[in-house]
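So that the names make sense, note that chain A is the first sequence line, chain B the second, and so on, each numbered from 1.
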Protein chains: 2
Amino acid sequence: MKDVATRAGVGLKTVSRVVNGEPGVTAETERRVREAIAALGFRRNDSARVLRKGRTSSVGLVLEDLADPFYAPLSRAVEEVARHHGALLINGSSAEDPERERELALALCARRVDGLVVIPAGADHRYLEPELAAGVATVFVDRPPGLISADTVLSDHAGGAREGVAHLIAHGHRRIGFVGDQPHIHTATERLRGYRAAMDAAALPVHDGWISLGPTAPERVRGEVRRMLSGPSPVTALFAGNNRVTATAVRVLSERGLSTAVALVGFDDLELADLLSPAVTVIAQDPARLGRTAAELLFQRLDGSAAAPRRVELPTRLIPRGSGELPPASD
Amino acid sequence: MKDVATRAGVGLKTVSRVVNGEPGVTAETERRVREAIAALGFRRNDSARVLRKGRTSSVGLVLEDLADPFYAPLSRAVEEVARHHGALLINGSSAEDPERERELALALCARRVDGLVVIPAGADHRYLEPELAAGVATVFVDRPPGLISADTVLSDHAGGAREGVAHLIAHGHRRIGFVGDQPHIHTATERLRGYRAAMDAAALPVHDGWISLGPTAPERVRGEVRRMLSGPSPVTALFAGNNRVTATAVRVLSERGLSTAVALVGFDDLELADLLSPAVTVIAQDPARLGRTAAELLFQRLDGSAAAPRRVELPTRLIPRGSGELPPASD
DNA sequence: GCCACTGTTGACAACGTTGTCCAGGCCCTA
DNA sequence: TAGGGCCTGGACAACGTTGTCAACAGTGGC
């Protein structure tokens, strides 16, 4: 900028004024400055600007895995809202590792993002207390924060799972398996809670062997599904705790052939789920809406809202497509 | 930091040394400093650090749509490499709009990202010339840059399409339709080139009505597919120019029922493609590998490589699953 | 002709950090 | 005990920008 000033034969501040579109510069002076800027290929250094102004016009997003088809639209929605507010989005994946989540969040804070959207991997977010105190707006999505209080946007996981399982019960199933994610993940236990609630409401007993929480790696899920289908009291229907589990379950079921059809309802929608045979019935969240809502809460904070932490719960939607309406195999 | 220094009763620079793990500080002094840091909830301001050091340890990624299942793993791969080099990833979506791509790229440059990975939406990247001259390492992925020269990582679009179409021809098809993206998108025309090459190689004539380039919105694709299947010389096989087209094509074909099966090969893999019936034969790119390769080229530049711009072309892979092996409907 | 006023411009400090350089205290050796 | 070298710590400037404030010129009114 100094070079531009020299070349245009004006003061430093005048260049700053032109660059920022501030008033009080003659047309002629402005022309000279712009010419110099073009000639030198000058671009304002936002780092210095941030340092001086205190605002970065950027927000951070910490999520589990950017490549997961559930989080991608969420991220995109946050980006869209941020863009609308003139902010850039910096995002990172925690890979479901609490320590990495912490590192990422703190790195983003050190860059002085104005706000933070976090999909928690860990259960303890007290490490963010100093940041919150320092004024970093923070919103948690998909899972609630641990041991601190902050704006939160969730889907109704328990309610959704309950509806899905009740749907299977309504179609005559009494032995229903649940395969979900690791128990330290909030959504996994919430969905399991919904499963139990539905079973309880129908006064159906639940065998320990019908429930499996753990990593959603295909090998494990595959084994668990096979086990549930073969034991002494095999299940006639499955509730899959998330999209990865659903995909694996569909594979296992299709390998078994259609001789003894097993009903399936999955949490989270899948691309092309409507084209499978049978098409997969799911409890759908609206990831884009989750992201949008979270981002909007965030920017409300940035605009100065000082209301008490809010908790927004978005409904889920049962999409019957066929796999959840199969009757139990006769027995 | 000043406050920390005061509280610990040491000089500013000593705090800086502790924060950065530089040598030359007594254990006792370090302890006092760390105590003060914890007590005050101090976090280093990276903006100031960047300003002083000149490196931001962050790279920018400009892509078309983060929520697209093709780009998400690519983005994730870039992030992973960046993380490995201690850098953060800032990304933005251009929504296939050249102007927005330009804005984004320049905004990232203004933030002084060390490097830039761009999936071009536009055809003219001369606007990046000053940035390149200023030392911003830049790598283009998936599509080549326009009117400037820079490192580029591409899939072999034409070769892949040629292989896919040849595969259909090998299974007896002579009338093959091509539905692709808008003609100003490089990948669309490259894939069309591959289609033509395969048809030419087999000395098959190509009707104008068999080729359709344009927006990949489901309505348009739906109409084009229907048209190609119904005209005076209906196609017996389709080549879908990308994953969105494939998904729509599968829908249209499944709606028609299986009476007159139409063969289908799609460019880009689809989640669950193996579970459809018939399972979808695709030409698969490896988006994660594209991202990883691009990021690695980028960091080589950042590590000082001054070699001439490189162009890496990654192979595609034909995955036969059923839909591409259907014989032509008898005629 | 003088004063007050307006509109344009530039000098300077400050943002929070790090690199450079120097001061002072310590220990070791001759 | 004097001199030299090493280790620790601090003062200061600099990074590139913007906010504050004052200087300056031109204009109009009396």
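Applying the 4.0 Å criterion to OP1 and OP2 of dT18(D), one finds that S16(A) has a side-chain N or O inside that range. Phosphate contact (OP1/OP2 of dT18(C), side-chain N/O of R44(B), threshold under 4.0 Å): present. Phosphate contact (OP1/OP2 of dG9(D), side-chain N/O of T26(B), threshold under 4.0 Å): present. Side-chain nitrogen and oxygen atoms of R49(A) include at least one within less than 4.0 Å of the OP1 or OP2 phosphate oxygen of dT18(D). For T29(A), no side-chain nitrogen or oxygen approaches OP1 or OP2 of dT8(C) to under 4.0 Å. Between K13(A) and dC21(D) there is no side-chain polar atom (N or O) within less than 4.0 angstrom of OP1 or OP2.
D46(A) comes within 4.0 angstrom of no nucleic acid atom, judged by non-hydrogen atoms across all strands. In this structure, V50(A) reaches neither bases nor backbone, as no heavy-atom distance under 4.0 Å exists between it and the strands shown. Contact annotation for V25(B): backbone-only contact, meaning every heavy-atom pair under 4.0 Å involves sugar-phosphate atoms and none involves a base.
Distance from the side chain of K53(A) is smallest for dG19(D) among the nucleotides dT17(D), dG19(C), dG19(D). Ranking dG16(D), dT18(C), dT18(D) by closeness to the M1(B) side chain, first place goes to dT18(C). Distances were taken from every side-chain heavy atom of L51(A) (C-beta onward) to each of dC15(C), dG19(C), dT18(D); the shortest belongs to dC15(C). Across dC15(D), dG10(D), dT18(D), the shortest atom-to-atom separation from the side chain of L12(A) is found for dT18(D).
Ranked by how close their nearest DNA chain C nucleotide is to the 5' end, R17(B) and N45(B) are led by N45(B).
A salt bridge is absent between D151(A) and R311(A): the closest approach of a Lys/Arg side-chain nitrogen to an acidic carboxylate oxygen does not fall below 4.0 angstrom. With respect to the salt-bridge test (charged N to carboxylate O, under 4.0 angstrom), the residues R31(A) and E28(A) qualify.
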